[in-house]
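First up is the structure itself, then whatever we jot down about it.
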There are 4 protein chains.
Amino acid sequence: MTSALDLQGIVVPIVTPVQRSGAVDVTGLKRLVAYTLNAGVHGIWVLGATGDFSGLTDFERDSAIEAVVEAVAGRVPVLAGCIEQSPARCVERARRAEVLGADAVFATTPGFAPVSQAEVLTHFRMLKAATSLPVVAYNAQYATQTPLPIATIRTLAKEGTLAGLKDSADFGDFRQLVVALSDLEDFPIVTGIQFLADCALLMGARGCIPPLGNVVPQWFVEVYDSAKRGDWSHAAEVQNRIAAFNVVVREWAPGASVFGAFFGMAMVALNLLGVLDEAVVVDPYPAPTASQAAIVREHLHSFGLLPRLETAGRLAASRA
Amino acid sequence: MTSALDLQGIVVPIVTPVQRSGAVDVTGLKRLVAYTLNAGVHGIWVLGATGDFSGLTDFERDSAIEAVVEAVAGRVPVLAGCIEQSPARCVERARRAEVLGADAVFATTPGFAPVSQAEVLTHFRMLKAATSLPVVAYNAQYATQTPLPIATIRTLAKEGTLAGLKDSADFGDFRQLVVALSDLEDFPIVTGIQFLADCALLMGARGCIPPLGNVVPQWFVEVYDSAKRGDWSHAAEVQNRIAAFNVVVREWAPGASVFGAFFGMAMVALNLLGVLDEAVVVDPYPAPTASQAAIVREHLHSFGLLPRLETAGRLAASRA
Amino acid sequence: MTSALDLQGIVVPIVTPVQRSGAVDVTGLKRLVAYTLNAGVHGIWVLGATGDFSGLTDFERDSAIEAVVEAVAGRVPVLAGCIEQSPARCVERARRAEVLGADAVFATTPGFAPVSQAEVLTHFRMLKAATSLPVVAYNAQYATQTPLPIATIRTLAKEGTLAGLKDSADFGDFRQLVVALSDLEDFPIVTGIQFLADCALLMGARGCIPPLGNVVPQWFVEVYDSAKRGDWSHAAEVQNRIAAFNVVVREWAPGASVFGAFFGMAMVALNLLGVLDEAVVVDPYPAPTASQAAIVREHLHSFGLLPRLETAGRLAASRA
Amino acid sequence: MTSALDLQGIVVPIVTPVQRSGAVDVTGLKRLVAYTLNAGVHGIWVLGATGDFSGLTDFERDSAIEAVVEAVAGRVPVLAGCIEQSPARCVERARRAEVLGADAVFATTPGFAPVSQAEVLTHFRMLKAATSLPVVAYNAQYATQTPLPIATIRTLAKEGTLAGLKDSADFGDFRQLVVALSDLEDFPIVTGIQFLADCALLMGARGCIPPLGNVVPQWFVEVYDSAKRGDWSHAAEVQNRIAAFNVVVREWAPGASVFGAFFGMAMVALNLLGVLDEAVVVDPYPAPTASQAAIVREHLHSFGLLPRLETAGRLAASRA
């Protein structure tokens with residue numbers, strides 16, 4: 001691929017629905033892709049943290065990429081995750097992604113424990129050398145504990161190793177990053193902070209990769225379209241609505257982890273919205289009980305996302 | 001004070017210039033206040049982290065408040081810091097601030113080590129009980145390590161303990177904070193993240209407290225005015241310029257701490273801009289050498305803030 | 001002072017009892033000093049984190065040093081804290097300590113936010129220059145966030161700035177520290193980790209500064225004496241008892257902060273043991289209710305520290 | 001398996017030597033196992049962080065277990081790592097370990113990002129349900145960011161899910177852990193802090209899993225044997241020697257990460273000691289240059305581990 005990477009707009013970090021057996025729910029995943037594409041999103045990010053890559057075996061990871069590539073059918077770019085803690089394993093995953101038809105791959109910094117910047121450079125260079133696909137770096141310092149500073153990104157971008165960046169690190173540094181790297185041609189930077197898509201676009205970033213884009217893709221597209229036509233007030237208004245909507249993630253299950261709380265909400269919501277036939281949550285994350293699922297349903301109602309006459313029968317989530 | 005706290009717009013967290021003896025440079029501080037007010041800023045935040053409150057004795061802290069109150073002469077609100085690790089010491093400082101004519105006081109969470117939320121509540125309630133001034137909470141979790149979550153702020157705001165909030169915690173959570181507390185009347189929230197004033201205003205926050213507002217107050221006022229008239233693109237453009245300008249802070253002294261690097265740059269810049277007679281840096285932070293000061297001077301030139309014909313003679317910073 | 005600092009054995013980081021007015025309970029403090037000296041401790045560490053230095057005004061800090069110096073009457077060294085976030089304030093406190101008759105001063109690294117190692121060097125050098133007392137560094141990285149690595153300590157020790165070190169950082173690094181600095185003559189290193197006094201002594205450290213030494217000084221002296229005569233098994237047995245005893249700190253008040261939970265337990269225990277007339281807890285920390293105080297009493301009973309026939313009347317703690 | 005897990009003494013977290021192709025150096029690995037068993041170690045821990053599990057593909061992980069099981073030939077227990085971020089993947093690895101003849105499996109807490117304690121419970125329960133081997137928890141909070149507190153361990157131990165614990169978290173809490181769980185029968189706790197094996201044994205822990213046990217297993221056995229016969233002074237002396245020896249890890253490559261610096265040193269040392277034919281370092285970690293390798297050689301000399309007449313020819317490390 002010689003042309004620049006097409007990474008912009010609203011790229012959905014697609015969740016990976018599974019069946020009770022633990023196998024990927026291919027039908028559900030394809031329906032979810034269609035649901036988000038119909039809303040106008042500009043790309044699919046598969047096997048990221050939101051895709052719970054770490055909850056899937058290698059076989060199921062392949063299934064997920066395959067299903068997404070088929071469902072997308074070339075309409076938008078598909079970026080496939082090869083998040084692993086070493087170059088060797090990352091390369092293995094990248095090769096599978098290439099075979100399965102992804103348009104690009106993404107990876108975090110390596111290491112079980114934090115690593116040095118020289119080690120980060122080696123990691124991405126090895127990944128680049130092993131695949132013909134564009135490589136996108138994903139700064140997930142909240143999980144990896146290794147920073148990905150401007151100097152490292154610049155080096156890797158200028159030499160052609162990296163084709164783009166998703167940054168989910170401290171947003172207080174994001175503008176300095178975007179401004180410092182604005183001289184790089186064809187190096188898209190997007191944010192992973194879903195509450196700040198408008199802000200990121202305002203300062204010159206190319207887009208956003210929002211987990212809630214699985215549930216309310218239309219709202220994020222509305223943010224993006226408003227921003228593109230210069231209606232920042234409306235973009236912000238919709239972003240504020242998204243922030244208000246997110247309260248349900250904390251409310252349905254106060255004791256769950258951040259990811260656990262999101263997964264449960266998302267699966268129940270997608271089930272209620274008719275996108276998924278079942279709301280299956282992958283271990284070790286908690287599956288909402290019927291009364292917890294009712295909180296999610298009420299919330300969807302209150303934001304006008306569901307009509308009031310929902311049957312209670314399908315509410316309880318099950319466990320993979 | 002029965003009316004709501006007037007905390008909005010660009011509020012400068014004023015640096016505290018000192019003489020070589022370590023005494024507050026009262027003349028310089030007053031000139032700095034005038035410099036920022038002339039640029040149109042909407043308030044002065046004295047004895048914050050940017051004011052290096054911890055580098056000043058209690059006597060010098062009093063001098064700083066006194067000088068600011070005099071120089072401001074009622075034109076904008078003066079908010080005085082009483083950042084201490086316990087209610088008892090905080091109350092002591094608040095009483096001084098009140099006597100010295102400040103319009104409000106601000107404090108962080110208490111504790112040498114992290115404290116519980118119940119302990120945070122006690123702290124702010126004791127502070128409120130001890131002063132007739134409005135109390136503003138300053139979430140400086142980067143330093144205190146104690147979070148100041150939405151629930152705590154809501155409790156303290158609703159009961160009348162807190163009159164406003166400055167938040168410098170993770171900006172990824174800021175929108176949820178602003179949206180969640182938008183039902184509180186007369187409870188201004190401002191950001192301490194100086195690279196995101198436009199973003200904060202866009203989502204409904206009232207303003208920003210930017211350290212660089214000491215050096216380039218006019219740019220922040222330009223951001224604010226642009227935002228107020230709905231010209232978000234221009235606001236963002238100026239914010240991007242501010243982010244680009246900030247590079248000098250990292251460049252002149254790569255080995256200094258974040259605050260140390262800022263103080264050296266700010267004092268040299270204010271000296272070069274004619275605001276301060278000397279560029280004195282308070283220990284333990286490094287004073288720029290002549291060649292380091294030249295980096296700052298070049299940077300000011302390149303941003304059009306200084307004419308080219310600067311004499312080299314006054315460049316070296318001295319040490320308190 | 002040309003002789004080496006006498007920092008060894010069990011040095012009690014003395015808590016600072018206060019009256020309901022907030023004034024130091026001088027009588028109680030002197031009785032507490034006597035209680036620990038009678039148990040055989042080898043030094044008093046006043047105005048440390050355990051002494052809640054941050055909860056006391058400067059005036060009360062002076063009172064605390066004065067009372068301790070008087071009560072000790074030269075029998076063991078008194079080390080006085082001047083924990084402040086800047087050299088200027090630290091120097092101010094050190095001068096008071098010197099006037100009040102302390103034998104040495106101690107300080108942490110400076111800064112409201114983390115600082116660089118060059119800034120750490122400046123801080124301790126200024127402190128040293130301002131006092132004729134030996135200066136001890138206290139590595140409290142859990143609170144200051146600034147590391148105090150071997151290289152910095154070596155520099156400061158070799159040049160005569162530091163006379164000793166208390167280390168409360170990660171104990172996994174402590175042995176490397178002790179071994180690496182074992183070539184320094186007359187440079188005592190002690191640990192602040194109260195559950196590992198035996199371990200620290202075993203590897204060659206000089207002693208321990210244990211908060212629980214306020215309540216059970218005799219146990220720590222037993223650890224020390226056992227270690228000195230080579231009876232490591234007994235030393236460990238007593239240390240295990242201390243670890244078991246500490247459970248009460250977590251049990252009486254699960255919601256309090258680490259320091260808050262300790263203060264409440266310590267004040268109630270010292271009151272029950274007859275050392276203090278009242279169990280006053282300084283804000284913002286919670287004062288145990290009568291039923292919480294009863295948990296502490298039961299615990300003291302179960303460890304044989306109190307006879308069973310305690311009146312319930314004095315149990316509730318009060319608040320400064 | 002109804003009998004209790006045999007986890008005690010010095011258990012070597014075996015490094016995984018590889019060939020330049022990246023394939024496991026089976027011959028080298030078996031020779032390394034023999035080298036450590038000859039020194040008297042009491043168990044082998046394969047595919048831990050020190051075994052760089054994350055640098056190996058699943059195929060190579062199988063090879064490593066297979067080689068270790070063969071080389072050990074039942075003389076000591078072999079504990080095999082199944083460190084993965086989800087139960088599903090962890091179970092997959094545990095099943096392989098069982099097939100390949102390991103005596104027990106170990107796992108960390110799950111999650112790409114931190115998880116809740118309920119999620120931790122689910123994780124270990126699923127792992128237990130999927131294998132007939134004893135399950136050991138490895139508290140590697142430095143990497144996983146999820147704590148493994150006493151209450152969770154107690155629950156899992158009492159219900160029979162966990163058969164033992166390796167703890168590499170803050171050693172300041174270790175004694176409280178050991179004492180609090182001392183009522184559990186047949187629940188061995190070992191430390192992963194290699195500088196504190198003597199301390200851990202002194203307080204009642206069963207043993208230590210020291211990375212340097214790959215290079216100097218005889219020293220750790222000496223610590224253990226001294227401790228067992230009550231000669232704590234000698235145990236500590238040898239531990240101090242180990243701490244002194246470790247300096248080389250920081251010295252040969254100041255810029256490498258903690259693990260990277262260890263791997264390079266270990267491979268070069270094992271090559272010089274004649275255990276490995278080549279010193280191959282797995283990416284992304286740096287391979288020592290000839291002059292860096294010479295630092296390691298000099299260090300081995302100075303500790304009497306190598307005769308002086310070493311040829312320089314084999315010094316440079318190569319890269320997988």
Side-chain angles (χ1 to χ4, degrees), chain C residues 141-142 149-151 167-183 191-205 208 210-212 223 226-251 254 258, chain D residues 141-142 149-151 167-183 191-205 208 210-212 223 226-251 254 258:
Chain C
Q141 197 181 340
Y142 67 92
I150 293 173
D167 189 273
S168 293
D170 188 340
F171 200 80
D173 297 329
F174 189 69
R175 189 168 225 133
Q176 293 184 83
L177 178 74
V178 169
V179 169
L181 299 178
S182 60
D183 61 318
T191 182
I193 311 295
Q194 65 184 351
F195 304 113
L196 302 172
D198 56 344
C199 298
L201 292 166
L202 185 58
M203 64 183 69
C208 182
L212 283 171
V223 169
S226 303
K228 284 289 114 174
R229 65 170 186 270
D231 189 352
W232 295 102
S233 295
H234 188 68
E237 201 178 287
V238 181
Q239 274 285 182
N240 282 3
R241 192 198 308 154
I242 290 166
F245 178 78
N246 191 60
V247 167
V248 72
V249 172
R250 296 194 300 270
E251 278 179 356
V258 172
Chain D
Q141 198 182 340
Y142 67 92
I150 292 173
D167 188 273
S168 293
D170 188 340
F171 200 80
D173 298 329
F174 189 69
R175 189 170 225 131
Q176 293 184 84
L177 178 74
V178 169
V179 169
L181 299 179
S182 59
D183 61 319
T191 181
I193 312 294
Q194 65 183 350
F195 304 112
L196 302 172
D198 56 344
C199 298
L201 292 166
L202 185 59
M203 63 184 67
C208 182
L212 282 171
V223 169
S226 303
K228 285 289 115 174
R229 67 171 185 269
D231 189 351
W232 295 102
S233 296
H234 188 67
E237 202 178 286
V238 180
Q239 274 284 182
N240 282 4
R241 193 199 307 152
I242 290 166
F245 178 77
N246 190 60
V247 167
V248 72
V249 172
R250 295 194 301 270
E251 279 180 355
V258 172

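As the structure is a prediction and not an experimental result, all values here were calculated from the model. Throughout, a chain's letter reflects where its sequence line sits, starting with A, and its residues are numbered from 1.
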Please state whether the side chain, the backbone, both or neither of C:Ala180 comes within less than 4.5 Å of a heavy atom of chain D.
-> neither

Interface check, chain C: of D:Thr191, D:Ile242, D:Leu202, D:Val247, most non-hydrogen pairs under 4.5 Å belong to D:Leu202

Residue selection (most heavy-atom pairs with chain D, distance under 4.5 Å) from C:Asp198, C:Asn246, C:Asp170 | C:Asp198

D:Trp232 CH2 to C:Trp232 CH2 distance, which is reported to the nearest 0.5 Å | 10.5 Å

Can you say whether C:Leu196 sits under 4.5 Å from chain D via the side chain, the backbone, both, or neither, judging by heavy atoms?
-> both

Could you go through the side-chain contact (heavy atoms from CB on, under 4.5 Å) check for C:Glu237 and D:Met203 one step at a time?
-> CA-CA 7 Å; C:Glu237 201 178 287; D:Met203 63 184 67; over 6 Å; no

Going by distance alone, is a donor N or O of one side chain under 3.5 Å from an acceptor N or O of the other, for D:Arg175 and C:Gln194?
-> no

Return the option, out of D:Ala243, D:Gly204, D:Ala244, with the maximum number of heavy-atom pairs under 4.5 Å with chain C.
-> D:Ala243

Chain D contact via C:Ile150 - which portion, at a heavy-atom distance below 4.5 Å | side chain

Contacting moiety of D:Ile193, where chain C heavy atoms sit under 4.5 Å | side chain

Do you know the tightest heavy-atom contact between C:Gly172 and D:Phe195?
-> O-CD1, 3.7 Å

